[in-house]
Structures are given as C-alpha cells and as structure tokens.
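Shown next, in structure tokens, is the structure this report addresses.
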Number of protein chains: 2
Amino acid sequence: MRPSKRNELVEKALEVFYQNGFHATGMDMLAAETGISKTSMYKHFRTKEDLIMAALCLRDEEFRTWLFRRMAQLGATPRAQLIAMFDALKEWFAQKGFRSCMFIKASGEYPDPSDPIYLKSSEHKRLLFDYIRDLATQAGAEKPDILARGLLLLKEGAIVTAHLRHDENPAKDAKAAAKILLAAALGS
Amino acid sequence: MRPSKRNELVEKALEVFYQNGFHATGMDMLAAETGISKTSMYKHFRTKEDLIMAALCLRDEEFRTWLFRRMAQLGATPRAQLIAMFDALKEWFAQKGFRSCMFIKASGEYPDPSDPIYLKSSEHKRLLFDYIRDLATQAGAEKPDILARGLLLLKEGAIVTAHLRHDENPAKDAKAAAKILLAAALGS
DNA sequence: CCATAAGTTTACTGATCAGTAGTGTTTATT
DNA sequence: AATAAACACTACTGATCAGTAAACTTATGG
C-alpha cells in the first residue's frame, strides 16, 4: 500500500471510529467508506485492534500538536497560555463534528487496564499533564502538580459536559473556574 | 416474569453493561450470566435497547440516591455537603469495580443526540446539576449556577481521570480545587 | 385440583462480525 | 516493454449478533 493510501485509511478510520464508536464500526463499513478493499486493509493492519491503535496514535499526535500550538497563539505568557487552553477547547467544542474525547471513549469501550487501547488512552492524558505541569512551573506556581491537575480536571469535565449537553458553554465555565484556581496559585 | 426475576435481570444487565460496555455485551452473554433464558428476557424487554434503558434508569436512581445521601451524611451545612461530594466520589473511585460513569460511557457508545440512551444520559447530568445548584443557593452563593457548574466540571473531570489513571487521587485534587471555588464564591 | 401465567429448552432466522484465499487488475519502476 | 509490487474483487470461513417459534415444565392463585 502506498503511504498515501495507508494514511487515507488511518485518517478515515479515525473519523469513523470517533463518530460511530469502535465496536459499532465494522471493518466492512470502513472498506465501504474508504473504497479500500478489506484485503488491502489487512495487508497493513494484522487486526482491527492494530488499526484502532494506529488511529489513536495519529489522534494523539494531532490533538496535542493542535492544542499546544493554539495555546501558544492565544496566550503570550505561560499563565496566559494556561487560560487560553479553555479558549482553544471552546473552539473545539463548537466544531460540528465534536463528539467528546476520543480517548475517554476508547477507554470506555476497552476498559481492561492491560489492553493496549486503554494504555494508549492513559498515555495521552499523561502527556497532556506533563506539558501543562511544565507551563505551571514556568508560570511560577509553588505546587505546579496541584495546579496542573486542577486545570486538567476542569478540562476533562468541560469535554464530557460539552458532549452531554452539546453546547460549548462548559468551556466558558471552565475558563472562569481556571482563573480562580490560577489566582489562588499565583496571586491575582 | 416475577418482579424479582425481572429485577435480577436488570441488575445483572446493569453490572455487565457497566463492566463490559454495551455493544460488547450480547444478549446471549446476559442470558448465560443470569441463567434467565433469552426467550424470557424478550418477554419483558422488546429489544436490547429497552433493556439498556431499564438499566440506565435503575442506575440513575441508585446513583443519585447514594450520592445525595452520602453528601448529607458527610456534611452538616449545604456548603459542607458540596465539599463532601468529593469525599463521596473518593469512596466510589476506591471501589474495586469502579469503571467511570455509566452515562459518560453510554453517551460515548450511542452519540446520536436523538437516541433515547443519549437523552437519558443527558437527563442524568441535568438532574445532578439541579440538586447541586439548589445546594449552592442554600449555601448563599450569589451566582449558584456558576458555582454549581464549576463544581460539576471538577466532578466529571475527577471521574474520567480516576478511570484513566485507575486511582482515587483525583477526588483529592478535585476537593482541593472545589474549596478554592467555594471560597471565591462564598468567602472563606 | 385445576387453570393460568411465568419460565425454560432447543432450534432456528438472516445479518453481521473479524479475518482469509485466490485470482485478477492497476501502477510505478526499470 | 517487462517486471513486480500494490491494490481490488468475489467468495468464503466460523463465530456471534439481535430476535423468534414452538413445545415443554414449573409455580402460583382461586
């Protein structure tokens, strides 16, 4: 499979898994959606799980790249970037295909803690934490871990709530709460 | 089906759906787990979706009853009860069968906003909000809606994070952040 | 004790699941 | 133009999916 074809498959798989769920999406449906034959798919991904893992890896890269870049664009200082995370989230929630976090959903469908899919989801959240904690340190927090964990609780809560109410307002609420946490940690 | 048998089925379905996921759990597996024949199951639930809905309704009742009672036991004043929500969550996260929130998972597997399963999940969150907002009002908050939404963001974030890291510490982090939000809304 | 309802067993439907075999067709490289 | 890899097509496997039919057994209430 030419790299382009392979990428096309992974990108489409990512989209369909995200919109439809993992168990609910069959390989036949993916073959129909992409126009790529089942045989070709199985040439490059030994199992459905392998394809799911490839999609999750792509998503992990894409999402972190997008979020961190957007935070840097919207905020000049580390502190401003931490707040800008919630402006970026608001943009995400307002996108018409928004359906919560891919990794929250993946760990919901594959809840066994030894499952590679669960582990990848867990890793994604850890990578986000590492970055936010570094920003909290740069912002001068005395306890950057505590601050980062508090902000990320607001982030995860906003994602789940935006999905279940299908509006983007939770980002606004989370931003307001984040400002209070930041003021408490860094002084106003 | 005698009510006891019917309840037995719904309770077992609730447990297995929660642990295993919805699409991943077949009706045959439920029949095997409960010892109740498939025919009998379909006598009382026309479809799998009907059974899922019954399980979700039971969960909604049980969870809200448990949470609100535990908050009342652990907190004397409305303000103390709001903080006690996170102590109750910590107990929940530490239970060995804990696997995130049933309704977050349900809405992940049935993301269509017109699906009854999605709607029930949405309703559950709304009922929680109503109760927390009332407590915030009783606690004397100027903007009880804002306070309630902030606290619930922390709650949802803690649930998701506790699941993806499989430990109960997020409850502690959420409680610390909640105290800050409460102090900002009500004065320390 | 009898009638009725509740529940069981077995076997089935047609659809879909993940994954594979074998054969043909396109495409890029040389 | 020749060759080889990448790809598609059709058809298949055995398992499992949701849901049903028909006959049998058990328990309950009058």
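Chain A is the first sequence line, chain B the second, and so forth, proteins listed ahead of strands; every chain is numbered from 1. Because only heavy atoms are used, hydrogens play no part in the values below, and waters and symmetry mates are left out as well, while side chains stay in. Note that the structure is predicted; figures quoted are calculated from it, not measured.
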Stepwise side-chain contact (heavy atoms from CB on, under 4.5 Å) test for B/Asp145 and B/Phe129: CA-CA 9 Å; B/Asp145 283 52; B/Phe129 170 73; 3.9 Å; yes
Can you check the B/His44 NE2 to C/dA5 C1' distance for me, whole Å? 10 Å
Distance (rounded to the nearest 0.5 Å) between B/Met41 CE and B/Leu51 CG: 5.5 Å
Is any side-chain nitrogen or oxygen of A/Tyr42 closer than 4.0 Å to OP1 or OP2 of C/dG19? yes
Please state how far atom NE2 in A/His23 lies from atom P in D/dA15, giving the value in whole angstrom units. 19 Å
May I ask you to verify whether the side chain of A/Lys48 and the base of C/dG19 hold a donor-acceptor pair under 3.5 Å? no
How close or far is atom P of D/dA5 from atom CZ of A/Arg6, stated in whole angstroms? 18 Å
Please name the pair of heavy atoms, one in A/Pro111 and one in B/His163, separated by the smallest distance, quoted to 0.1 Å. CB-NE2, 4.3 Å
Counting any heavy atom closer than 4.0 Å, what does A/Thr25 reach on the DNA or RNA strands: base, sugar-phosphate only, or nothing? sugar-phosphate
Nucleotide nearest A/Thr47 (side chain, heavy atoms from C-beta), chosen from C/dG19, D/dG19, C/dT10: C/dG19
Separation of D/dG19 atom C1' from B/Leu51 atom CG, nearest Å, is 13 Å
Could you walk me through whether A/Phe98 and A/Phe93 pass the ring-ring contact (aromatic ring centres under 6.0 Å, His included) test, one step at a time? CA-CA 6 Å; A/Phe98 172 74; A/Phe93 299 165; 4.9 Å; yes
Once you round it to whole Å, what is the distance between P of C/dT16 and CG of A/Leu30? 15 Å
I want to confirm an ordering. Mapping A/Arg46 and A/Ala24 to their closest nucleotides on DNA chain C, which one lands closer to the 5' end? A/Ala24
For A/Lys43 and A/Lys38, find the nucleotide of DNA chain C closest to each by heavy atoms; which residue's nucleotide sits nearer the 5' end? A/Lys38
Taking atom C1' of C/dT16 as reference, at what distance in whole Å does atom CE of B/Met27 sit? 17 Å
What integer distance in Å separates B/Leu9:CG from C/dA6:P? 15 Å
Donor-acceptor pair under 3.5 Å: do we get one between B/Thr39's side chain and the base of C/dT9? yes
Rounded off to whole Å, could you give me the CG-to-P distance for the B/Asp28 and C/dT9 pair? 14 Å
Answer yes or no: does atom CZ of B/Arg69 have more than 12 heavy-atom neighbours from other residues, nucleotides or ligands under 6.0 Å? no
Ignoring backbone atoms, establish whether A/Ser40 has a side-chain N or O less than 4.0 Å from OP1 or OP2 of D/dA8. yes
